Number of protein chains: 2
Amino acid sequence: MNVLEKIVNSVNSFSKSERKVADVILANPQTTIHSSIAALAKMADVSEPTVNRFCRRLDTKGFPDFKLHLAQSLANGTPYVNRHVEEDDGPEAYTAKIFESTMAALDAARQNVDIPTINRAVDVLTQAKKISFFGLGASASVAHDAQNKFFRFNVPVVCFDDIVMQRMSAINSAEGDVVVCISHTGRTKNLCDIAAIARENDATVIGITAYDSPLAKECTLVLSLDVPEDTDMYMPMASRVAQLVLIDILATGFTLRRGTKFRENLKKVKDSLRGSRFDKKDFHS
Amino acid sequence: MNVLEKIVNSVNSFSKSERKVADVILANPQTTIHSSIAALAKMADVSEPTVNRFCRRLDTKGFPDFKLHLAQSLANGTPYVNRHVEEDDGPEAYTAKIFESTMAALDAARQNVDIPTINRAVDVLTQAKKISFFGLGASASVAHDAQNKFFRFNVPVVCFDDIVMQRMSAINSAEGDVVVCISHTGRTKNLCDIAAIARENDATVIGITAYDSPLAKECTLVLSLDVPEDTDMYMPMASRVAQLVLIDILATGFTLRRGTKFRENLKKVKDSLRGSRFDKKDFHS
DNA sequence: AATAAGATGTAATTAAATTACACAATAACT
DNA sequence: AGTTATTGTGTAATTTAATTACATCTTATT
């Protein structure tokens with residue numbers, strides 16, 4: 001977590017003097033990173049060790065380390081204030097905010113994602129006889145995208161955004177098959193059923209969903225992306241972008257596991273598209 | 001300018017020892033910010049003052065100040081040196097790299113996107129009688145996602161990932177209809193045809209594609225996302241994420257233009273999904 | 001080959017941060 | 001209310017880190 005957020009959050013647990021330090025830092029963070037501990041102590045009207053203790057309380061190694069963290073917090077312009085779209089934002093404002101909040105969400109996802117689980121998921125995928133991607137609603141397009149990616153690997157891959165097809169597919173699954181269920185909330189009943197059915201039929205079920213959700217309970221492997229819910233707009237936005245990036249990661253892990261020769265194959269797939277495209281040389285503006 | 005970029009740029013003007021320092025820093029920037037000048041000097045196999053001189057050459061006040069700048073450069077995840085996945089990267093490495101390069105791509109897109117054009121696109125969309133989203137291959141899933149979003153707005157919206165359907169739909173379009181064509185390269189022949197047909201039938205054609213591409217020529221309005229091509233993996237990755245964010249932006253612009261009452265409607269759409277989901281209260285792990 | 005300019009390292013100095021300890025304030029308990 | 005823990009805060013000493021000054025070496029130029 002961002003140091004600045006941390007300061008704001010834990011402002012209650014501070015002592016009187018520590019609070020003075022917090023106030024000064026929040027008031028002029030940019031100045032703080034260029035000050036010595038002595039200068040900051042003077043500004044906050046406390047002693048130097050107090051500042052040091054303050055830093056330690058925020059899980060940093062000391063004052064210099066704290067400055068480093070603070071510098072990073074300031075740099076990544078993350079929404080330590082308000083990055084939510086407001087009623088009267090103009091195009092410039094909402095464009096910037098959406099880009100930034102998406103980036104912040106990706107950053108959060110990066111920090112929370114469990115690497116060993118990714119590795120195991122890649123393991124499972126590379127050994128799969130058949131891969132199925134299932135999603136409903138907003139997650140359907142993520143499933144489509146995954147299909148498009150894995151299709152290039154020349155492995156049997158299917159994708160359904162229709163409950164009936166998903167169900168049929170799940171019932172027909174067998175040992176060695178991998179079913180990837182995508183759902184941000186993990187509370188879509190139909191998809192939970194599908195996951196259960198697939199497992200009953202010995203398929204390995206990977207869930208791209210929230211930990212601690214009904215869907216997660218039905219999965220062999222859960223890839224969770226702790227992206228802050230985007231409640232403002234009543235639409236899934238950042239969460240879905242994070243899911244796509246996760247798909248990219250799995251696909252990349254897949255190709256790496258398969259080795260160099262396999263990647264030459266990918267190039268062939270790409271080259272095969274050439275016939276349907278205007279050549280770069282053909283077109284001149 | 002970013003310190004890391006600066007190092008890369010001025011690598012020629014460095015002396016032998018300074019270069020050693022630069023190499024070590026570029027190789028492990030994250031380690032550097034947590035090292036003392038002595039540790040870094042040892043890693044680079046040079047003396048401490050050399051490191052100090054190196055820092056000064058980069059217009060920083062000294063080593064600690066340099067570390068601050070470096071920390072900031074790292075925080076904003078810009079693609080300073082090599083964020084490309086390598087043959088022998090482990091899960092941790094490629095996961096981090098993909099997150100970071102995606103974020104960098106979004107950052108680039110944010111800086112290059114043309115706000116007035118976005119505004120005009122929102123204008124056009126809010127006044128549309130019917131909205132169609134067309135994409136092929138990897139862009140098809142972006143089109144699906146767009147449909148999912150705009151569908152909630154209770155406007156007539158269709159999405160086709162099939163050339164024949166797209167063609168039929170384009171031929172049947174009329175004044176007041178908006179066709180959104182999505183293609184990263186803008187060189188997919190079929191989609192260019194579709195755009196041309198739609199225009200001939202008086203539809204407004206918005207292209208989410210590269211400037212200076214055949215597709216762009218056929219469009220009324222071009223929304224370009226100058227995302228650095230992700231050539232490594234022979235798969236569209238970051239470009240597609242940027243397209244999705246652009247869809248989010250258009251959707252957000254749409255809802256803002258429609259006002260508060262309209263957003264209450266969105267909430268209704270979201271609430272309508274409740275029946276198909278496990279309630280949060282129902283489920284306890 | 002000689003010399004000057006620049007680069008690099010060693011050792012001394014200075015500055016900064018941390019630790020240890022003592023005192024003060026507050027809270028808890030008799 | 002008075003006494004005793006407990007926690008908080010500051011002073012001074014210590015340690016650690018960074019910088020400066022100077023000497024030595026390297027390299028390019030005449």
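Note that these values count all heavy atoms, side chains included, but never hydrogens, waters or copies made by symmetry. The chains referred to below are lettered A, B, ... by the order of the sequence lines, with proteins before strands, and numbering in each begins at 1. Remember, predicted model here, so these are calculated numbers, not experimental data.
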Separation of D:dG8 C1' from A:Arg19 CZ (nearest whole Å): 16 Å
Distance in angstrom units between A:His34 NE2 and C:dA15 P, rounded: 20 Å
Protein-to-nucleotide contact annotation, 5' to 3' order, nucleotides 23-29 of chain D [B base; S sugar-phosphate only; - none; under 4.0 Å, heavy atom]: ----S--
Interatomic distance, A:Ile33 CD1 vs C:dA16 C1' [rounded to whole Å]: 18 Å
Counterpart residues, ring-ring contact (aromatic ring centres under 6.0 Å, His included), relative to A:Phe14 (two or more places apart): A:Phe54
Partner set under side chain to side chain donor-acceptor pair (under 3.5 Å) for A:Ser47, not counting sequence neighbours: A:Thr50
C:dT8 OP1/OP2 closer than 4.0 Å to side-chain N/O of B:Ser15: yes
For B:Asn52, side chain to side chain donor-acceptor pair (under 3.5 Å) partners two or more places apart: none
Inter- and intrachain pairs under side-chain hydrogen bond (donor to acceptor under 3.5 Å, both in side chains), touching residues 112-123 of chain A, at least two apart: A:Asp114-A:Thr117, A:Asn119-A:Arg257, A:Asp123-A:Arg257
A:Gln127 CD: over 12 foreign heavy atoms closer than 6.0 Å: yes
Criterion side-chain contact (heavy atoms from CB on, under 4.5 Å) on B:Leu223 and B:Leu246, from CA distance to verdict: CA-CA 9 Å; B:Leu223 286 166; B:Leu246 183 58; 3.8 Å; yes
Integer-rounded Å distance: C:dA15 C1' and B:Asn52 CG: 13 Å
Nearest non-hydrogen partners of A:Thr102 and A:Ala238, listed with the distance: CA-CB, 4.4 Å
Which residues share a salt bridge (Lys or Arg N to Asp or Glu O under 4.0 Å) with B:Glu18, sequence neighbours left out: B:Arg57
Enumerate, atom names and distances included, each donor-acceptor pair closer than 3.5 Å involving a side-chain atom of residues 25-35 of chain B, sequence neighbours excluded.
residue, atom, partner, partner atom, Å
B:Thr32, OG1, B:Asn28, O, 2.8
B:His34, ND1, B:Gln30, O, 3.4
B:Ser35, OG, B:Thr31, O, 2.8

Nucleotide D:dT14, atom P - distance to CD1 of A:Ile37 in whole Å: 19 Å
Polar pairs (N or O, both sides) under 3.5 Å between protein and nucleotides 10-13 of chain D?
residue, atom, partner, partner atom, Å
D:dG10, OP2, A:Ser47, N, 3.1
D:dG10, OP2, A:Ser47, OG, 3.3
D:dG10, OP2, A:Thr50, OG1, 3.0
D:dG10, N7, A:Arg53, NH2, 3.1

Under the salt bridge (Lys or Arg N to Asp or Glu O under 4.0 Å) test, residues paired with B:Asp59 that sit two or more places apart: B:Lys6
DNA chain C contacts made by residues 57-68 of chain A, counting heavy atoms under 4.0 Å: A:Gly62, A:Phe63, A:Pro64
B:Lys42 NZ - C:dT10 P separation (whole Å): 13 Å
Value rounded to 0.5 Å, distance of CD1 in A:Ile37 from NZ in A:Lys67: 9.0 Å
B:Leu40 and B:Met43, any side-chain heavy atoms less than 4.5 Å apart: yes
Review item, nucleotides 4-6 of chain C N/O atoms under 3.5 Å of protein N/O:
none

Salt bridge (Lys or Arg N to Asp or Glu O under 4.0 Å) against A:Asp65, all qualifying residues, sequence neighbours excluded: none
